[in-house]
Visitor: 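One structure, pasted below without further comment.
It should be emphasised that the depicted structure is a prediction, and the values quoted were computed from it without experimental measurement. Residues: numbered from 1 along the sequence shown.
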Amino acid sequence: MGGSRKVYTISDKIEQKNEGWLGVKWTIALAFMTYIPFIMAQFYPRFFTMIPAGLAVGLGGGPLWCAKCTYLTILSEAYSKATGVGADIVVTRFFGVFFLFYQFSQVWGNLISSAVLSSPEIGAYNVTINNATAKFVKTLNISEQLQDTGEICGANFCPSAATEVVPNLAPPPASKINTIAGIYLVCMVVASLIVTFGVDSVKRYNKDRKGSGSGMSGFKLLVVIVKQLGNPYQILILPITMFIGAEQAFLAADFTSAFVSCGWGISNIGFVMICFGVCNGIAALFIGGIIKITGRSPVICLALSLHVALIVTLLVWKPSSDAKITFFLIAGLWGFCDAIWLVQINSLYGILFPGKEEASYSNFRLWESTGSVITYIYSPYLCIDVKLYLLLGLIIIGASGYTVVEVIEWKGKNGGEPNKKLFKLVKNSEKSGEVAE
């Protein structure tokens, strides 16, 4: 004030130029656009359309989630300085609010899909009597086999199950799929425009702050990301990060097919996933406040115990259309656990690696996606019981690694002397915001 103004030197301009090719905001906006080819490919799903479109989603999804996490962490740091609230509490709240809106996309998306799939097909009433009679006779012939879908569905379900044996798995008409894809396509374009014209640039909150990717070329930033894997904390939390991707993929690909579709019907998937989204979003919103009271570890223990119980339940439960409430109960509790994992592990990365958000969140997205990809790869080949055992083993390994991190942190905060030769403990410096080894 008082007529003073900031003088920008040549070095300042060079530093601004080298902050990144696009910056966080424009990375998010353009990454949204990479999802559009995948949605458009649904109108003509063939190998030569789906594979390139899937690659585009993968190439855009990594930068999108890394940029999102970096943006939220920077905002939380600015908010923490302005309010005096602890950075670890603020970053958890910010991620909680984000995942509230993110998971509520399950609600709106599944409302759209369920409304479209449940609507009568155009021209359905013009079906000939002969076709209708043939379909009715075919259903009667296999009705005795379907009196107990639990013998085929659930943990006993294998990808080789045919629609003749389980008619619930018959795909919806192409016209309805095209309608859903068209609605999602419009939503994706609108989302990109909202970020472009409605979101502030991160530079507004990023003054006098240098992250691990500031002023680096793409190759040097890649080196930083790879180097991050040498941090023992990063190694220890890799399994739980992979579990997040694996459990989300299992719910989307296997629970919906082996339990909901097989036991109840494809048209009901949307309603069950709405329950998942609502519980996930509400839990994500309130987790930050709960953490402030109880601390992080009790909430993680709750999620671990509940998720293990859910996996065991799926191993023994035989899904049936007579037990509709059970579908919603399992989906809702799964959403509650998923919210805890997402919010807590995302915020944990920001707390353990301050100033290294680009590298740490790139690793988070890398290993979360790795868990998801591996699950999708073996999904067409393994039966559900095997997948559940793999999921159970991964969560136990992940929880063990997370526990080691918490024990080391606890010893450091209580005057212990951890082995510094083995562990370069990351300490959050309130004054400088730098990493002290």
Side-chain angles (χ1 to χ4, degrees), residues 28-65 68 101-127 159 163 167-196 245 248-258 260-262 264-278 280-281 331 335 369 372-373 375-377 379-380:
I28 295 174
L30 293 178
F32 278 163
M33 303 298 290
T34 64
Y35 285 72
I36 291 179
F38 185 80
I39 300 175
M40 294 178 64
Q42 308 305 314
F43 293 105
Y44 192 73
R46 299 293 186 273
F47 182 86
F48 59 86
T49 59
M50 295 297 295
I51 297 303
L55 291 173
V57 171
L59 292 174
L64 171 63
W65 282 87
K68 178 272 299 182
F101 288 97
Y102 173 73
Q103 295 299 346
F104 262 87
S105 66
Q106 293 275 354
V107 177
W108 309 117
N110 285 295
L111 276 176
I112 293 171
S113 63
S114 296
V116 173
L117 293 175
S118 300
S119 63
E121 184 182 3
I122 298 176
Y125 299 105
N126 297 326
V127 178
T163 57
N168 288 339
L169 298 177
S175 59
K176 293 187 176 183
I177 296 178
N178 291 340
T179 301
I180 295 173
I183 296 172
Y184 291 164
L185 183 62
V186 173
C187 293
M188 206 73 234
V189 174
V190 171
S192 183
L193 293 175
I194 290 175
V195 173
T196 300
Q248 291 175 345
F250 175 85
L251 186 78
D254 298 313
F255 176 74
T256 54
S257 62
V260 184
S261 296
C262 185
W264 193 9
I266 289 179
S267 61
N268 297 301
I269 290 177
F271 299 113
V272 175
M273 293 304 290
I274 286 173
C275 180
F276 167 82
V278 170
N280 198 308
S369 299
S372 179
V373 167
T375 302
Y376 279 120
I377 287 175
S379 182

Visitor: Roughly how far, to the nearest 0.5 Å, is the OG atom of Ser369 from the CH2 atom of Trp65?
Guide: 9.5 Å
Visitor: What pairs of donor and acceptor atoms, side-chain ones from residues 48-63 against any protein atom, are under 3.5 angstrom apart with sequence neighbours left out?
Guide:
unit_1 : atom_1 : unit_2 : atom_2 : d
Thr49  : OG1    : Tyr44  : O      : 2.8
Thr49  : OG1    : Arg46  : N      : 2.9
Thr49  : OG1    : Arg46  : O      : 2.9

Visitor: Would you mind reporting whether Val373 and Ile377 have side-chain heavy atoms less than 4.5 Å apart?
Guide: yes
Visitor: To the nearest 0.5 Å, what is the distance between CD1 (Ile194) and CZ (Phe32)?
Guide: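 Going from CD1 on Ile194 over to CZ on Phe32, the span is 9.0 Å.
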Visitor: Identify the residue among Val107, Leu111, Leu251, Val260 that makes a side chain to side chain contact (heavy atoms under 4.5 Å, CB included) with Met273.
Guide: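 Only one option passes, and that is Leu251.
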Visitor: With rounding to the nearest 0.5 angstrom, report the CG to OG distance, Asn268 to Ser114.
Guide: 8.0 Å
Visitor: State, to 0.1 Å, how close Tyr184 and Gly109 come at their nearest heavy-atom pair, and which atoms those are.
Guide: OH-O, 2.7 Å
Visitor: Main chain of Asn110, side chain of Ser113: is a donor-acceptor contact present, judged purely on distance under 3.5 Å?
Guide: yes
Visitor: Is Ser105 reaching over with its side chain to a backbone N or O of Tyr102, donor-acceptor style, under 3.5 angstrom?
Guide: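 Judged by distance alone, yes, a pair lies under 3.5 Å.
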Visitor: Supply the atom-to-atom distance Thr34 OG1 to Leu64 CG, rounded to the nearest 0.5 angstrom.
Guide: 7.0 Å
Visitor: Testing the basics here: between Met188 and Ile36, what is the closest heavy-atom pair and its distance to 0.1 Å?
Guide: CG-CG1, 3.9 Å
Visitor: Quick one: list whatever passes side-chain contact (heavy atoms from CB on, under 4.5 Å) with Phe101, sequence neighbours left out.
Guide: Val97
Visitor: Evaluate side chain to side chain contact (heavy atoms under 4.5 Å, CB included) for Val272 paired with Thr256, printing each intermediate quantity in order.
Guide: CA-CA 9 Å; Val272 175; Thr256 54; over 6 Å; no
Visitor: Which heavy atom of Ser379 sits nearest a heavy atom of Asp254, and at what distance?
Guide: OG-OD1, 2.9 Å
Visitor: Specify the closest pair of heavy atoms between Met33 and Pro37, including all atoms of both residues, with the distance to one decimal.
Guide: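 Looking at all heavy atoms of both residues, the shortest contact is O-CD, 3.3 Å.
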Visitor: Heavy atoms only: give me the nearest Ala331-Phe255 pair and the separation to one decimal.
Guide: CB-CE2, 4.4 Å
Visitor: Roughly how far apart are Ile28 CD1 and Thr196 OG1, rounded to 0.5 Å?
Guide: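 Spacing of CD1 (Ile28) from OG1 (Thr196) equals 10.5 Å.
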Visitor: Main chain of Ser175, side chain of Thr179: is a donor-acceptor contact present, judged purely on distance under 3.5 Å?
Guide: yes
Visitor: Which pair of non-hydrogen atoms, one from Ser257 and one from Ala253, has the smallest distance, and what is that distance?
Guide: OG-O, 2.7 Å
